[in-house]
Amino acid sequence: MLASVGLVACSSTSSGASGDAVRVGVTTSLTGSFGTYGNMIKDGLEAGLYCITGGTNEVDGKPVEFVYADDGGDPEQTLAAATRMVGDGINILTGTTSSAAAIQLGHFAEQQNLLYISGAAGIDDVTGLNANTFRASRQAYQEAAALSSVLEKTNNKTVVLAQDYAFGQQYASTITGILESSGSEVEKVLVPLDTNEFTPYARRISELKPDLLIVVYYGDGAPSMWQAMSQQGILDTTTVASVLVEKSHWSIYGDAAEKINFVTHYYPGAPGGEMNECLTERVPDADLSTHDGFVAAQQIVHAISTAGPDDVEGMIDSLDGWSFDAPKGPMTIRPGDHALLQDMYLVSLRDSDGELVAHTVGNVGSEAAKP
């Protein structure tokens, strides 16, 4: 297991001495509660580098070397690892899974004049944080806009079910603002994080009789929450939308799966071209954050090949406004605030030979991002 802030170099190419390599710092969670996402980032980075460089893992004849630090999801350890990396001469950082750590690293990148590409962190505040900060994934606003568009009719009544802590409150408020601007009536039902009994909340939602229920819920209580919604008949009488989690956790939806409209930025089997084929060949079980790592690698290679690894301002300029084909399809880094414009997927889960399989219903919330 990697030390919490120990630095471990990893390059899948043997050409070139380490001193000649372009080193990229990857501060992410390889253990702990965010470890699943961090390891997806790692797989995606390495697959992306391989695919983009045609298997050489080199840019302009120099090997690219990822230097990993496992932060365990602790923002303080993230910053400590980043500080050590900068002291070691690294000026490109990526990999972050924690939103709190992403904000800290964004400010750190500006102070130290680094190129920083956040990983799977979805907090909106990364967009427009400063010139040095980019993102490799979706942001919460894009998910919220996509969820809000599931029910096409306007002037509907919507209930947003979310967890009662900072992220859940912010997410629910974002969705509320989007829907209310189109004339919809919105009510929030916030559930404490330590809730084990969801029947009272399900009954409350049933009494409100919403046209649309948007669920933003993560964690161990999710199976019980979905069961309570099903028992109250909500899934049979209401259009329900939620954010799709990684495939290994699809079982949390139980029998409710086929009755939910899911929104996601990537999923196993997502349509795509040459890059997606290469990603899934390298990582057969590629999932949400695997794609984010791949996109980070695309930005890193483009910046290095365009401006050179030592020209931070040049690398920033090369990415500002850049459009490219990610595994999922076209993406554009919006000039100025570096929002990553992209389509979102509306998918359904269906039982196929005893296994839940995702099917594309359509693209929603296209190119929406924090204003």
Side-chain angles (χ1 to χ4, degrees), residues 1-10 24-47 66-86 90 93-109 116-123 125-126 135-140 143 162-168 170-171 192-196 216-223 225 243-252 264-266 283 285-297:
M1 184 170 66
L2 298 176
S4 294
V5 293
L7 307 184
V8 177
C10 178
V24 176
V26 186
T27 57
T28 195
S29 304
L30 298 174
T31 58
S33 58
F34 291 110
T36 297
Y37 305 106
N39 280 284
M40 287 184 194
I41 290 282
K42 181 177 184 291
D43 290 342
L45 279 167
E46 293 171 7
F66 295 120
V67 180
Y68 294 94
D70 178 11
D71 59 22
D74 182 348
E76 291 186 6
Q77 292 190 29
T78 304
L79 194 58
T83 301
R84 292 179 63 179
M85 288 175 174
V86 171
I90 292 173
L93 296 177
T94 190
T96 337
T97 55
S98 161
S99 289
I103 296 297
Q104 282 197 355
L105 280 182
H107 290 303
F108 179 75
Y116 169 53
I117 302 168
S118 67
I123 191 168
D125 292 344
V126 168
R135 61 190 324 145
S137 186
R138 87 291 177 239
Q139 61 184 88
E143 286 182 345
Q163 288 156 301
D164 195 5
Y165 73 116
F167 178 78
Q170 183 185 56
Y171 210 130
L193 285 173
D194 59 354
T195 298
N196 294 313
V216 184
Y217 198 98
Y218 305 92
D220 295 339
M225 182 273 298
V243 177
L244 184 66
V245 298
E246 61 275 13
K247 186 176 181 180
S248 61
H249 290 166
W250 284 0
S251 61
I252 68 172
T264 186
H265 70 288
Y266 185 78
V283 189
D285 59 348
D287 211 326
L288 298 168
S289 297
T290 324
H291 186 272
D292 303 337
F294 195 105
V295 170

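Residue indices begin at 1 and follow the sequence shown.
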*What residues form a side-chain hydrogen bond (donor to acceptor under 3.5 Å, both in side chains) with S118, not counting sequence neighbours?*
none
*Over all heavy atoms of both residues, which pair between Y116 and A109 is shortest? Give the atoms and the distance, please.*
CB-CB, 3.6 Å
*asked:* Minimum heavy-atom separation for V283 and A47, please, with both atom names.
replied: CG2-CB, 3.9 Å
*Please round to the nearest 0.5 Å and tell me the distance separating atom CZ of R84 and atom CD1 of I90.*
11.0 Å
*Within the distance-only criterion (no hydrogens, no angle test), does the side chain of Q163 pair as donor or acceptor with the backbone N or O of Y218 below 3.5 angstrom?*
yes
*So how far is it from T83 OG1 to L105 CG, rounded to the nearest 0.5 Å?*
9.0 Å
*Dump the intermediate steps for side-chain contact (heavy atoms from CB on, under 4.5 Å) on F108 and T78, then the final yes or no.*
CA-CA 11 Å; F108 179 75; T78 304; over 6 Å; no
*Could you grab the distance from atom CZ of R138 to atom CD of E143, nearest 0.5 Å is fine?*
4.5 Å
_Any donor-acceptor pair under 3.5 Å from S29 side chain to T31 backbone_ = no
*Donor-acceptor under 3.5 Å (T97 side chain, A120 main chain)*: no
*Give, for atom OH of Y266 and atom CE of M40, the distance between the pair rounded to the nearest 0.5 Å.*
11.0 Å
*Using the side-chain contact (heavy atoms from CB on, under 4.5 Å) rule, take I103 and V126 through it: C-alpha gap first, then chi angles, then the decisive distance, then the call.*
CA-CA 6 Å; I103 296 297; V126 168; 4.0 Å; yes
_Nearest-0.5 Å distance, OG of residue S289 to NZ of residue K42_ = 14.5 Å
*How many angstroms lie between atom CG of D71 and atom CD of E76, to the nearest 0.5 angstrom?*
11.5 Å
*asked:* Using the side-chain hydrogen bond (donor to acceptor under 3.5 Å, both in side chains) criterion, which residues pair with E246? Sequence neighbours excluded.
replied: Y37, H249
*Do you know which two heavy atoms are closest between A121 and A102, and how far apart they sit?*
CB-CB, 3.7 Å
_D287 side chain to K247 backbone, donor-acceptor under 3.5 Å_ = yes
*Heavy atoms only: give me the nearest L93-A82 pair and the separation to one decimal.*
CD1-CB, 3.9 Å
*So, for R135 and I123, which heavy atoms are closest and what is the spacing to 0.1 Å?*
NH2-O, 3.0 Å
*asked:* How close do T27 and A81 get, counting heavy atoms only, and between which atoms?
replied: CG2-CB, 4.0 Å
*Checking side-chain contact (heavy atoms from CB on, under 4.5 Å) for the pair L244/W250: CA distance, chi angles, key distance, verdict?*
CA-CA 8 Å; L244 184 66; W250 284 0; 3.5 Å; yes
